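Report on one structure; see the data block that follows.
Nothing here was measured: the structure is a model prediction, and the numbers come from that model.
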Amino acid sequence: MVFLREILAENKYFPYFKEYAGRIGFMRQFMDKTMVEYRVREGNSAAIHYLLEKRGGQEGDYVKEEMQEMFGGICVKQFILFFGEHLQYYITETENGKENLTQSGTLSRNETGGEQREGRYGILNDIAIGRNLHDYDTMESLLYEYFQQDYIVKEMFRMI
């Protein structure tokens, strides 16, 4: 566990960290993350171009971000996706100043069951599921729980 803490202190993370989210307390931060991993050739860099699609359709244009190299050419970008969202992406690798398209894909968050989600992102995801299913009573209950947690956090961690 010391090794994991050292990696996190350097702001480095990998998709396999999700496997520890339910077992190690400080790894819970990865429960709601979706990660894209790409391996660059030595001396090259990678950028991810992505477009977030929500239930109603596209949201703007593709956004371009440099992918962070974590270790040995492994680059990772993390996202938080909610129920019904789709992320279209493509990755470009820059070699000798020239950008080449190398990989593309789509990620989505459509599961309604499975493991119990905790925290405010989990509640927001469940609200989105309730909305999709037209379960307004559940949505109202979850909204109340969300704002209650938000209030408690603000009161407990108020800056003086």
Side-chain angles (χ1 to χ4, degrees), residues 1-132 142 146 149-150 153-154 157 159:
M1 284 203 277
V2 173
F3 177 68
L4 287 173
R5 287 186 191 276
E6 289 173 1
I7 292 172
L8 291 174
E10 295 176 16
N11 197 30
K12 305 223 183 264
Y13 46 84
F14 299 92
Y16 72 86
F17 280 15
K18 289 182 66 126
E19 296 173 27
Y20 301 111
R23 300 182 199 139
I24 302 172
F26 66 88
M27 298 297 283
R28 294 181 91 91
Q29 63 185 303
F30 295 103
M31 281 185 123
D32 57 0
K33 303 296 188 291
T34 300
M35 297 186 208
V36 176
E37 180 180 320
Y38 179 76
R39 181 177 290 265
V40 294
R41 285 184 234 135
E42 189 175 334
N44 294 356
S45 63
I48 187 166
H49 309 251
Y50 62 91
L51 176 68
L52 183 63
E53 296 178 358
K54 297 189 179 194
R55 252 176 53 136
Q58 289 186 182
E59 289 285 317
D61 297 322
Y62 275 86
V63 175
K64 177 183 178 182
E65 290 185 23
E66 292 298 316
M67 294 184 76
Q68 181 180 351
E69 186 173 346
M70 299 297 164
F71 178 79
I74 298 171
C75 299
V76 180
K77 173 67 178 149
Q78 64 181 348
F79 300 93
I80 297 176
L81 297 178
F82 292 100
F83 178 80
E85 291 182 335
H86 300 278
L87 184 86
Q88 290 186 3
Y89 73 92
Y90 63 93
I91 296 173
T92 55
E93 186 171 338
T94 303
E95 182 174 18
N96 298 324
K98 186 176 180 207
E99 204 172 49
N100 299 304
L101 175 66
T102 57
Q103 177 180 320
S104 65
T106 302
L107 302 170
S108 62
R109 175 80 183 272
N110 287 319
E111 75 269 6
T112 57
E115 73 271 9
Q116 179 72 20
R117 300 277 183 206
E118 293 184 20
R120 293 190 294 174
Y121 285 112
I123 294 171
L124 288 172
N125 191 59
D126 290 343
I127 291 168
I129 292 169
R131 183 175 129 208
N132 191 53
L142 290 168
Y146 177 84
Q149 281 189 18
D150 188 56
V153 167
K154 285 179 182 172
F157 299 104
M159 298 293 286

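- With values rounded to the nearest 0.5 angstrom, N100 atom CG is found 8.0 Å from T94 atom OG1.
- Atoms OG1 and CG, from T106 and L87 in turn, are 8.0 Å apart once rounded to the nearest 0.5 Å.
- Here the straight-line distance linking atom CZ of R39 with atom OG1 of T102 works out to 13.5 Å at 0.5 Å rounding.
- In this structure, CG in L107 is found 6.5 Å from CG in L81, a value given to the nearest 0.5 Å.
- To the nearest 0.5 Å, atom CD of residue E95 and atom CZ of residue R41 are 5.0 Å apart.
- A46 and I91 make their closest contact through CB-CG2, 4.2 Å (heavy atoms, listed as atom of the first residue, atom of the second, distance).
- A salt bridge is defined here as a Lys NZ or Arg NE, NH1 or NH2 lying under 4.0 Å from an Asp or Glu carboxylate O, and K64 with E99 meets this definition.
- Using modelled atom types, no side-chain atom of E37 and backbone atom of C75 make a donor-acceptor pair closer than 3.5 Å.
- L52 is not listed as a side-chain neighbour of F79, based on a closest heavy-atom distance of 4.5 Å or more.
- Interatomic distance, CD1 of I48 versus NZ of K77, reported as 7.5 Å (0.5 Å rounding).
- A heavy-atom distance below 4.5 Å is found between the side chains of Q103 and Y38.
- In this structure, the side chains of V76 and I74 come closer than 4.5 Å at one or more pairs of heavy atoms.
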Query raised in the report: Which is it for N44 and E93 under the side chain to side chain donor-acceptor pair (under 3.5 Å) test, yes or no, and what are the steps along the way?
Result: CA-CA 7 Å; N44 294 356; E93 186 171 338; 2.7 Å; yes

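- Ring centroids of Y62 and Y89 are separated by 6.0 Å or more, keeping the two rings apart.
- Using cut-offs of 30° and 60° on the angle between ring planes, the pair Y90 and H49 is parallel.
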